[in-house]
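To start, the structure itself, in structure tokens.
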There are 2 protein chains.
Amino acid sequence: MTQSQLRPPTMADVARQAGVSHQTVSRVLGDHPNVRDETRAKVLRAIEEMGYRRNFSARALATRRTRTLGVVASNTTLYGPASTLFALEEAARAEGYLVSTVSLRRLTVETLSEALDRLSEGGVEGVIAIAPQRSAVEALAELRHPFPVVAVGTGSGAQIPSVNVDQNLGARLATGHLLATGHRRVWHLAGPEDWQEAADRADGWRATLEEADIEPPMLLRGDWSPLSGYRAGQELAGWVGRGLTAVFVANDQMALGVLRALREAGVRTPQDVAVAGFDDIPESEFFAPPLTTVRQDFAAVGKQGIALLLDLIEGRTPCGTSQVSIEPQLVVRASTFPYLPQPGAAPG
Amino acid sequence: MTQSQLRPPTMADVARQAGVSHQTVSRVLGDHPNVRDETRAKVLRAIEEMGYRRNFSARALATRRTRTLGVVASNTTLYGPASTLFALEEAARAEGYLVSTVSLRRLTVETLSEALDRLSEGGVEGVIAIAPQRSAVEALAELRHPFPVVAVGTGSGAQIPSVNVDQNLGARLATGHLLATGHRRVWHLAGPEDWQEAADRADGWRATLEEADIEPPMLLRGDWSPLSGYRAGQELAGWVGRGLTAVFVANDQMALGVLRALREAGVRTPQDVAVAGFDDIPESEFFAPPLTTVRQDFAAVGKQGIALLLDLIEGRTPCGTSQVSIEPQLVVRASTFPYLPQPGAAPG
DNA sequence: CCATGAATTGTTAGCGCTCACAATGACCTC
DNA sequence: GAGGTCATTGTGAGCGCTAACAATTCATGG
């Protein structure tokens, strides 16, 4: 008989109904040993009958634990951040934590600080920041907060504990693959300057070329969007026939724009110009042509991020600057490899 | 001078330091009038010095309000859910609420019920469910919970308060556009049967044809993924020359797969077959060719969803079955309209 | 038959805050 | 100068739970 009073029932109400003390109810709910089976059954029945649910705030106040983590993110509609967010929540839930998210349009010192304040007032025990901009990581290192913070997706060299896919390695894999398939030189369309990951990818690209005694050509810049890739692609098309045969694009969305621009300019991929991307978004496999790209294991990032944060919260790890690195993986498709089925060429 | 004691300072500590009562500190923090400026300044200084932050749990316990909303979602890495999630959080934050998310891999009665329990134990005052599967909405209507629940993205006919983009109208816009550009018949690649939105889109498609006295051709089914679109596209390619000139695909990702399959089969878009999608994901504009599609205003869905939920929480709206509907918008691009620049044809 | 101790249950005191109300004092009016 | 009003501040009682300790019960062995 679910009762519908104004106030939801309290532990004391349940205790009265079951004829025990509230503490016994608490023991049953807390799975304590040393509760007689008969008593436990009585309590459980009362709980069921009254539709009782433990009050979160009271519990949190008494235990001084909210078992809630905060996440600060931006660009959450993009595949990478969205995947990371998903993995973080899943990992946190597996550890019995709830996740409160704050999604920012832009990561600045102000918005970040506001977000941390907000989460702090929301009682989180720790925060994960998906903070790819260099400025954001720096801000995080500066800001005072009463809980540990772990950064994720920050690229290399963060001053705070962080978990990252090895962007440099990813870029080496892509660039190396292009060289290995016969190209003499590889161009690069990079991401925004303020993003450490963009810098890491550019570094990996440059290093790979230099190690092969190839002088890196001019570097182009985009803002991760297909449109910026499209514009860069138009510029790149102008270099075809003048030494441009391969491009490593810093993400798949821009690569999509590049592909379109090349196609419009009558440049064939991969016959005339090979294109590689980064991220392996679900659509990449169906681009025209299917895109060679670097897959990041966002699920691993999420899992490791939560693991690190919980270590910090529980005090298992000293609050140093632990850095966790995750290996990316090259996915070869038709956009760089002429011997794979290459549908785009069929009608030509 | 930030002090670093074991226990974080309490309101009483601040009060002592400022030489006032804890209640006065509370008043300052709560922006009450009737606090002398001088006193307020003293308190603020003490707060600053001690690095004091109000304890969330104690506050929530005393006020019986957590100012936290829950969101249950699935497929959060897809553009639609991710956008909705983003809009929800932003809208909630604007109203002073924090958002706790639970992202499910699959929405079943069990996982849903577990998610609601979890959020309930997390003290949320209400929940938004991004629940596109029909079974999920039904489960939601059945499940008992001690807080209001609003469904979002459920398509038509939900038995609980909900906010939706008018899917039927969107399908009519797309199908009508294809008829208007001269096609005698329009095929349809639908989404999964269990999704009400997929059913709504199929209904809108069918109704548009029937109202024009056209018999709807066989309906194909996919699962929203580019791969399922690719497979359906291969099947569709077999009907070219036998009356197939236009396809309305239930989402952009599948449309991408269809485009690829058609291209592989030597079918040109839009000259041989016109293709329209649904969602307007950021990539659509850069598909080969750019995709005509139906744009959904996810931001509006988020805003309205939060507004409705808060109405329910504050008791401003009786707990009936309010339904909010949002209009979609047709975006015409080259995949259905030969007179637009049509890059894909250039090399042919 | 009582001491012994383990198992089980109850009692009390906070956790840190807000609310309702009481108290204080300054200022004004007649 | 008594009485009233207002602005400002303080006091005490919870909010609903858990942790620590106290109390009770019961079986057991000497």
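Here is the naming used below: chain letters follow the sequence lines, and residue numbers restart at 1 for every chain.
- The side chain of Thr39(B) lies closest to dT8(D) when the candidates are dT9(C), dT8(D), dG16(D).
- Phe56(B) comes within contact range of no nucleotide atom at all, as no heavy-atom separation falls under 4.0 Å.
- Relative to the side chain of Asn34(B), the nucleotides dT8(D), dG14(D), dT18(D) differ in distance, and dT8(D) lies closest.
- When distances are taken from the side chain of Met11(A) to each of dT9(C), dC17(D), dC17(C), the shortest belongs to dC17(D).
- With dG16(D), dT18(C), dG16(C) as the candidates, the nucleotide lying closest to the side chain of Arg7(A) is dG16(D).
- In this structure, Arg27(A) reaches the bases: a heavy-atom distance under 4.0 Å links it to at least one base atom across the strands shown.
- A donor-acceptor pair shorter than 3.5 Å cannot be found between the side chains of Glu138(A) and Gln159(A).
- Among the nucleotides dG16(C), dT18(C), dC15(D), the one closest to any side-chain atom of His22(B) is dT18(C).
- Side-chain atoms of Arg36(B) lie closest to dT9(D) of the nucleotides dT18(C), dT9(D), dT18(D).
- Looking at Asp194(B) and Ser135(B), their side chains do bring a donor and an acceptor atom within 3.5 Å of each other.
- Of all nucleotides listed (dT11(C), dC17(D), dC17(C)), dT11(C) comes nearest to the side chain of Ser21(A).
- Considering only residues two or more places apart in sequence or on other chains, Glu314(A) meets the side chain to side chain donor-acceptor pair (under 3.5 Å) condition with Tyr97(A).
- You'll find the side chain of Glu95(B) reaches within 4.5 Å of the side chain of Leu310(B), heavy atoms only.
- Closest contact between the side chain of Gln23(A) and the listed nucleotides dA19(D), dT8(C), dC17(D) involves dA19(D).
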